[in-house]
Amino acid sequence: MKILVVGGGGREHTLAWKLASDSCKPEIFCAPGNAGTLDICTNLDISAEDVEALLKWAVENKPDLTVVGPEVPLCAGLTDCFNEAGLAVFGPNKAAALLEGSKLFAKDVMQAGGVPTAASESFTDADKARAYVAQHDFPVVIKADGLAAGKGVYICADKKDAEDAINDVLVDREFGDAGSELLVEECLVGEEVSILALIDGENILMLSSSQDHKRAFNGDKGPNTGGMGAYSPAPIMTDDLWPVVRDEVFQRTLDELKKRGITYKGVMYAGLMVTKDGIKVLEFNCRFGDPETQVVIPRIKGDLVPVLQACVDGGLRDDMIEWSDEACACVVMAAGGYPGAYGKGDVIAGLQEQAVKDNILVFHAGTVMKDNDVVTNGGRVLGLTALGKDLQSALGKVYQALTHVEFDQAQYRTDIGKKAL
Ligand code: AMP
Ligand code: GLY
């Protein structure tokens, strides 16, 4: 069996690692992959966003399954093109991926379907948006409509912040067409949790809970990033919340999409806030979370290939995944300066140390091989990940291993998982 994994981050290394261990022993290709995926796959020199080149490769090489990591190719219609060519893809089609591709569309679906979420108004006109926020209490949240690589959300503490955000999005067009509209949203208070659900068009299989750490620095300070670490399970997701998330979040969203003639297949990521008034949806993504994938996937016992295939072919069942009782933690090592400007090409030392190789999983993100060295090649560089009998033990292994891995100006948070301990 041949599997193509599209993407080159920590999420894709984790997926490729899990798929490679499958009992059907698949041959894995990763486009473009990274220095970590090289050990288990054939890396293809094709960008994850180049749908045309991916399709050309797939038509020639006929993978039995293509698993798409990032949102950009999904929103660009990779699944539609591949399906037209008779190729199976794990990931929603373009119409369904709009749940991530347009925050206005997602909000409209949630409002129409009765999915609990923050109250909001949308604007295309900067003056109208300014007039609206002027009458509001702060904080408010302002969001660019389209894909903005995680940068399109502003938590505005006061009127000045809100006006700056409106200017960025609607006037200066910082996000191009992705910012031709914006949402002004009620700011929710509570603790965040990420719940991912596999969906075959009809059936919903919720994956175990996880919590990301989006801010760059300890204590949830500093700028928003793609995610600086994660752990699973997340104790904030108590037993009573699971049926609520299934029925009020995933089922209602699927039902509303279906009413609009849209079938959702793949993974649906719900970013949730556990508020004093219950669960509310912050955002939907049409793909696995990063770094949530690094802590959820290693806790799956048994094969993943049949589960992903069931998402494509139908017949997904709750008993298709058995969960390990172990906890999993991932700490992201990022390049100095990230999420702002950062250097590339720094040699990473320590990956071959016994204390690293034997005790933890190292999922690569922004890495590449240069001569015989693994060098940095992105903002988030590595996800050091460990399973343990509990979260404390998993975190202990990761932070111990972190003393051995080094590159110039590496930065990481030292408080991952603290909230759950
Ligand atoms: P998003 O890209 O929508 O996930 O937003 C990024 C981050 O902004 C989320 O993980 C939250 O921490 C925060 N956020 C988004 N929407 C809200 C909201 N309505 N209230 C409070 N925080 C929010
Ligand atoms: N970890 C957040 C995301 O994947 O969007």
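Everything numeric in this text was worked out from a predicted model, so none of it was measured. Every number for a ligand or one of its atoms is a count from 1 in the order of the listing.
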Got the closest protein heavy atom to atom 11 (C) of ligand 1, with its distance?
Glu192 OE2, 3.1 Å
Classify the angle between the aromatic ring planes of Phe363 and His13 as parallel (below 30°), tilted (30 to 60°) or perpendicular (above 60°).
perpendicular
Taking C-beta and beyond as the side chain, do Leu87 and Pro63 meet within less than 4.5 Å on heavy atoms?
yes
Steps toward side-chain hydrogen bond (donor to acceptor under 3.5 Å, both in side chains) verdict (Thr37, Asn43):
CA-CA 7 Å; Thr37 61; Asn43 282 356; 2.7 Å; yes
Got the closest protein heavy atom to atom 14 (N) of ligand 1, with its distance?
Ile155 CD1, 3.9 Å
For Arg299, which of Ser324, Ser232, Ser210 qualifies under side chain to side chain donor-acceptor pair (under 3.5 Å)?
Ser232
Return the closest protein heavy atom for atom 20 (N) of ligand 1 as residue, atom name and distance.
Leu188 N, 2.8 Å
For the side-chain contact (heavy atoms from CB on, under 4.5 Å) test, which of Asp303, Val67, Leu65 pairs with Leu19?
Val67
Within less than 4.0 angstrom of ligand 1, does Lys280 place any heavy atom?
no
Quick one: ligand 2 N/O to protein N/O pairs below 3.5 Å?
unit_1, atom_1, unit_2, atom_2, d
ligand 2, 1 (N), Asp212, OD2, 2.8
ligand 2, 1 (N), Asp290, O, 2.8
ligand 2, 1 (N), Glu292, OE1, 2.7
ligand 2, 1 (N), Glu292, OE2, 3.3
ligand 2, 4 (O), Arg287, NH1, 3.0
ligand 2, 4 (O), Asp290, N, 3.0
ligand 2, 5 (O), Asn285, ND2, 3.2
ligand 2, 5 (O), Arg287, NH2, 2.8

To check your reading of the model: name the closest protein heavy atom to atom 16 (N) of ligand 1, its residue, and the distance in Å.
Lys143 NZ, 3.0 Å
I need the contact type for Lys214 against ligand 1. Using non-hydrogen atoms and a strict under-4.0 Å cut-off, is it side chain, backbone, both or neither?
side chain
Regarding ligand 1, does Asn224 bring an N or O atom to under 3.5 Å of one of the ligand's N or O atoms?
no
Minimum-distance protein heavy atom relative to atom 17 (C) of ligand 1:
Leu282 CD2, 3.4 Å
Is the gap between the ring centers of Phe90 and Phe288 under 6.0 Å?
yes
Between Gln294 and Thr385, is there a side-chain donor-acceptor contact under 3.5 Å, judged purely by atom types and distance?
no
Quick test: of every protein heavy atom, which one is nearest to atom 19 (N) of ligand 1, and how far off is it to 0.1 Å?
Glu185 OE2, 2.7 Å
Identify, by atom number and element, the atoms of ligand 1 in contact range of Lys103, meaning under 4.0 Å from any of its heavy atoms.
2 (O), 3 (O)
If the contact criterion is a heavy-atom separation under 4.0 Å, does Cys187 count as touching ligand 1?
yes
Ranked by distance from atom 5 (O) of ligand 1, the top protein heavy atom is Val153 CG2, 3.5 Å
Scan side-chain atoms only and decide if Asp277 and Thr275 contain a donor-acceptor pair under the 3.5 Å cut-off.
no
Just by distance, with hydrogens left out, do Thr414 and Tyr399 show a side-chain donor and acceptor under 3.5 Å apart?
no
Student check: side-chain heavy atoms of Trp242 and Ile195 closer than 4.5 Å
yes
Do you see a donor-acceptor pair shorter than 3.5 Å between the side chains of Asp168 and Tyr154?
yes
Would you check if there is a donor-acceptor pair between the side chains of Ser180 and Asp145 at a distance under 3.5 Å?
no
Out of all atoms in ligand 1, which are within 4.0 Å of some heavy atom of Glu186? Include the element for each.
18 (C), 19 (N), 20 (N)
